[in-house]
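Before any comments, here is the structure.
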Amino acid sequence: RQLRKTEAKAESRMTHLHQAEARLNEVQQEMQSEIATLQSRLASDKERSGKLSDEIVNNNTLVAQLRRQPRFLTAEDWKKLEAIVNSGYDGYMRRLDERFATLTEVARQLCMLIRLRFEVKDMARIMAVSATSVSRQKLRLKNRLLAAEPDCLSSGIGLDAFLMSF
């Protein structure tokens, strides 16, 4: 008789455990669904934020002038451009400097121009060098980044794409 009572209690507990496990699985699935929804929203918000940042930066007087008529930049112009890039892209140059502290000034300038989506021919005018020289500088920049952080361009991502998403 005592054994039957113990068995009944154990069976009742097992039923409760199975119910709790089923509810836990249900809650877990709901949470996974909510996480997927939030991740989707976050990706959408990041894309929208990026487009807004691009719009703000591209409407800046200096950037707009450079797009219309690329010209050699003075030291003061570079400072202004860096402030624009930092402001529009969440401290872009500060983050770049923190992660890749050994970049030369020319490499930093090249990063800014790549982030601003200038074409090589326009970069050449802005930096007062040939397009071939810009291409070589980009290769040196890529090698510097890889030397500092070998996995930064893994999964086949190119230099421009990496700097755009940085």
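We're numbering straight along the sequence, starting at 1.
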Exam field: side chain Thr6 to backbone Gln2, donor-acceptor pair closer than 3.5 Å
yes

Is there a donor-acceptor pair closer than 3.5 Å between any side-chain N or O of Ser33 and the backbone N or O of Gln29?
no

Working to the nearest 0.5 Å, report the span between CG of Asp160 and CG of Leu113.
11.0 Å

How many angstroms lie between CD in Gln39 and CG in Leu42, if you round to the nearest 0.5 Å?
8.0 Å

Within a reach of under 6.0 Å around CD of Glu149, are more than 12 heavy atoms found that belong to other residues, nucleotides or ligands?
yes

Working to the nearest 0.5 Å, report the span between CG of Leu159 and CD1 of Ile114.
4.5 Å

Salt bridge between Lys79 and Glu82, side-chain N to carboxylate O under 4.0 Å?
no

To the nearest 0.5 Å, atom CG of Leu145 lies from atom SG of Cys152 at 5.0 Å

Assign the ring pair Phe166 / Phe162 to parallel, tilted or perpendicular, where the plane angle (0 to 90°) is split at 30° and 60°.
tilted

Heavy atoms from other residues, nucleotides or ligands near CZ of Arg67 exceed 12 (cutoff 6.0 Å):
yes

Those residues that, when tested against Lys80, pass side-chain contact (heavy atoms from CB on, under 4.5 Å) (two or more places apart):
Leu62, Glu76

Joint cluster assignment, Leu146 & Ile157, ILVMFWY side-chain distance < 4.5 Å
yes

Got His16 and Arg13 here, is their nearest side-chain heavy-atom distance under 4.5 Å?
no

Joint hydrophobic cluster, Val106 plus Phe100, side-chain heavy atoms closer than 4.5 Å:
yes

Just by distance, do the side chain of Arg95 and the backbone of Asp90 share a donor-acceptor pair under 3.5 Å?
yes

Is it the case that over 12 heavy atoms from other parts of the model lie below 6.0 angstrom from the CD atom of Glu98?
yes

Determine yes or no for a side-chain-to-main-chain donor-acceptor pair under 3.5 angstrom, with Asn25 supplying the side chain and Ala22 the backbone.
no

Within the side chain of Ser165, is there an N or O that forms a donor-acceptor pair under 3.5 Å with the backbone of Ala161?
yes

Do other residues, nucleotides or ligands put more than 12 heavy atoms under 6.0 Å from the CD atom of Gln69?
no

Kindly compute the distance separating CD (Gln109) from CE (Met123), expressed to the nearest 0.5 Å.
12.0 Å

When you compare the side chain of Asp54 with that of Tyr89, does any pair of heavy atoms fall below 4.5 Å?
yes

Between the main-chain N or O of Ala36 and the side-chain N or O of Ser40, is there a donor-acceptor pair closer than 3.5 Å?
no

Side-chain heavy atoms of Leu96 within contact of Leu163, under 4.5 Å:
yes

Taking the side chain as every heavy atom from C-beta outward, state whether Leu17 and Glu21 have any pair of such atoms under 4.5 Å apart.
no

Give a yes or no on whether Met164 and Met112 share a hydrophobic cluster (residues Ile, Leu, Val, Met, Phe, Trp, Tyr; joining criterion: side-chain heavy atoms under 4.5 Å apart).
no

Below 4.0 angstrom, N of the basic side chain to O of the carboxylate: do Glu105 and Arg108 qualify?
yes

Contact between Gln28 and Leu24 at the side-chain level, heavy atoms closer than 4.5 Å - yes or no?
no

Hey, is Asp97 close enough to Arg94 for a salt bridge, meaning N to O under 4.0 Å?
no

If you compare all heavy atoms of Phe72 against all heavy atoms of Ala128, which two are closest, and at what distance to 0.1 Å?
CD1-CB, 3.3 Å

Side chains of Arg115 and Val57 in contact at under 4.5 Å (non-hydrogen atoms)
no

Are any of the side-chain heavy atoms of Leu116 and Val85 separated by less than 4.5 Å?
yes

For salt bridge (charged side-chain N to carboxylate O under 4.0 Å, His left out), just list the numbers for Lys51 and Glu55, CA-CA rounded to whole Å, side-chain angles, deciding distance to a tenth of an Å, and then say yes or no.
CA-CA 6 Å; Lys51 287 179 181 177; Glu55 188 71 25; over 6 Å; no

Interatomic distance, CH2@Trp78 vs CD1@Ile126, rounded to 0.5 Å, equals 6.5 Å

For Gly88 against Ser53, the heavy-atom pair lying closest together:
O-OG, 2.9 Å

Are any of the side-chain heavy atoms of Gln137 and Leu141 separated by less than 4.5 Å?
no

Checking salt bridge (charged side-chain N to carboxylate O under 4.0 Å, His left out) for the pair Glu7/Arg4: CA distance, chi angles, key distance, verdict?
CA-CA 5 Å; Glu7 285 176 347; Arg4 283 191 186 147; 5.9 Å; no

Val120 vs Lys138, side chain to side chain contact (heavy atoms under 4.5 Å, CB included): CA-CA, chis, key distance, verdict
CA-CA 10 Å; Val120 169; Lys138 286 177 74 170; 4.2 Å; yes

